[in-house]
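See structure below.
Numbers for residues simply follow the sequence, beginning at 1. Note that the structure is a prediction, hence the values are computed from the model and not measured.
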Amino acid sequence: MKQRGPGGDRPLTRRPGAGEGTPGRSHPAPVQPKIDKASANDQALDRIIAADKRAALRLAPVSHETEARLDRYIALLREWQVKTNLVAPSTLPTLWTRHIADSLQLVDLAPTAKRWADLGSGGGFPGVVLACAMARTPGAKVHLVERIAKKAAFLREAVRVTTSPGVVHLAEIGDNVDRITGPVDCVTARALAPLHQLIGFAEPLMRQGAKALFLKGQDVEAELTEAAKYWNIQPQLHRSRTGDGWIVELTSVERRG
């Protein structure tokens, strides 16, 4: 029996139910949102670095102003790291504890020092960090000596964006005395060379009154034994707050023989 539709004697046709589709007609597959893996990785790294920053600032507290300068410095370093190897990629998640806090602890070991010389500054540790920490200290100056042009260019930009009292010298490390003018209170270096070589680089500045603070690793005893073959030294060792390393403090050195 035919049912009459509103238009006359034509039989009514059933509309397809939800999900049934229309016979003979294909439907496009639903569009899946694209996942930007690079962006997701960056966001994950951001969260890790933020947690590491909180841990670092518990080890080495700073003022809000210094923290803001260090934030700008880290942002710049991460931007440049893509094209210039400033730090070991494996240390990016621990930038704040492994590099920032490690550098900041030197301030407590030389609380009256205003003029620093950082030999082989590289990515700016400890030199740029020290400059950020002393930006409001009258008469403060940090000499950053770096022999690689790309890294020296980064250091200049880091000093600019942090408005910190750093002066960059593109020079061989052994030429630092000719480049640095004026007195220096403290000379430092990190991951640059064996201790006996570092003492040779620093000795001209130490003769003028600077003391040395060298950041070293677990093998510091072996380095001290080797250095004693070339130098008369009376080192004072400070255990690092941020790991298994040590800080070698020297107030005077004398070449043997």
Side-chain angles (χ1 to χ4, degrees), residues 52 55-62 66 70 73 87-88 91 94-134 137 140-146 164 166 173 176 180 184-254:
D52 184 61
L57 294 183
R58 287 194 294 270
L59 291 171
V62 296
T66 297
L70 292 171
Y73 170 45
V87 297
T91 67
T94 53
L95 276 172
W96 281 86
T97 52
R98 183 156 181 174
H99 298 300
I100 297 291
D102 195 49
S103 300
L104 285 171
Q105 64 184 321
L106 298 184
V107 176
D108 290 339
L109 297 177
T112 62
K114 295 182 179 181
R115 296 153 301 194
W116 294 70
D118 181 29
L119 308 182
S121 294
F125 305 108
V128 172
V129 178
L130 294 171
C132 288
M134 294 187 294
T137 301
K141 180 180 288 187
V142 181
H143 297 277
L144 308 168
V145 182
E146 175 54 47
S164 57
I173 308 305
N176 62 77
I180 296 173
V184 171
D185 301 316
C186 196
V187 56
T188 189
R190 182 175 185 259
L192 175 63
L195 184 60
H196 72 277
Q197 293 182 11
L198 289 180
I199 295 173
F201 296 145
E203 189 263 346
L205 294 173
M206 296 184 70
R207 276 194 280 108
Q208 299 174 19
K211 82 170 180 177
L213 292 172
F214 298 132
L215 293 143
K216 305 301 293 183
Q218 296 181 18
D219 58 348
V220 66
E221 290 292 346
E223 291 200 41
L224 286 168
T225 299
E226 182 66 17
K229 297 177 182 178
Y230 307 93
W231 303 94
N232 290 317
I233 54 175
Q234 293 182 328
Q236 184 176 355
L237 294 182
H238 305 274
R239 186 179 290 277
S240 174
R241 300 177 193 168
T242 62
D244 297 327
W246 297 83
I247 301 164
V248 180
E249 179 177 351
L250 298 169
T251 55
S252 64
V253 297
E254 182 182 26

Item to check | Chi angles and distances behind the side-chain contact (heavy atoms from CB on, under 4.5 Å) call for L224, L195 | outcome: CA-CA 7 Å; L224 286 168; L195 184 60; 3.4 Å; yes

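- You'll find the side chain of E221 reaches within 4.5 Å of the side chain of L237, heavy atoms only.
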Show me, pair by pair, the donor-acceptor contacts under 3.5 angstrom made by side chains of residues 246-254, not counting sequence neighbours?
from : atom 1 : to   : atom 2 : distance (Å)
E249 : OE1    : H238 : NE2    : 2.6
E249 : OE2    : K211 : NZ     : 3.0

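- In plain terms, the two heavy atoms of W231 and E203 that are nearest each other are CZ3-CG, 3.8 Å.
- Atom CD1 of I199 is separated from atom CE of M206 by 7.5 Å, given to the nearest 0.5 angstrom.
- Of the inter-residue distances, the one linking R190 atom CZ with D102 atom CG reads 4.5 Å to the nearest 0.5 angstrom.
- Scanning all heavy atoms of the two residues, the minimum distance from T66 to A133 falls at CG2-CA, 3.9 Å.
- Shown here is K141, whose NZ atom has no more than 12 heavy atoms of other residues, nucleotides or ligands within 6.0 Å.
- Looking at residues two or more places apart in sequence or on another chain, you find a salt bridge (charged side-chain N to carboxylate O under 4.0 Å, His left out) between E226 and K229.
- Using a distance-only test at 3.5 Å, with no hydrogens or angles considered, no donor-acceptor pair links the side chain of W96 to the main chain of A55.
- The distance from the OG1 atom of T188 to the CG atom of L205 is 12.0 Å, given to the nearest 0.5 Å.
- The two residues K216 and L198 have their closest heavy-atom pair at NZ-CD1, 4.0 Å.
- Here R98 pairs with nothing under the side-chain hydrogen bond (donor to acceptor under 3.5 Å, both in side chains) rule; sequence neighbours left out.
- Scanning both residues, S103 and H99, for their nearest heavy atoms gives OG-O, 2.8 Å.
- No side-chain donor from either of D108 and Q105 sits under 3.5 Å from a side-chain acceptor of the other.
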In a table with atom names and distances, give each donor-acceptor pair under 3.5 Å that connects a side chain of residues 120-132 to protein atoms at least two apart or in another chain.
from : atom 1 : to   : atom 2 : distance (Å)
S121 : OG     : D118 : O      : 3.2
S121 : OG     : D118 : OD2    : 3.0

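- When only modelled atom types and interatomic distance are considered, T97 and D52 share a side-chain donor-acceptor pair under 3.5 Å.
- Between C186 and V184 the shortest heavy-atom distance is O-CG1, 3.3 Å.
- Taking the salt bridge (charged side-chain N to carboxylate O under 4.0 Å, His left out) definition, one finds that D185 meets it with R115, sequence neighbours left out.
- Legend: residues meeting ring pair (Phe, Tyr, Trp, His ring centres under 6.0 Å) with F214, ordered by chain and number and at least two apart, are absent.
- For the side chain to side chain contact (heavy atoms under 4.5 Å, CB included) criterion with W116, the lone passing option out of L144, V187, L106 is L106.
- Here the CG-CG distance, from L192 to L119, works out to 7.0 Å after rounding to the nearest 0.5 Å.
- For the atom pair K114 NZ and T137 OG1, the distance stands at 7.5 Å (nearest 0.5 Å).
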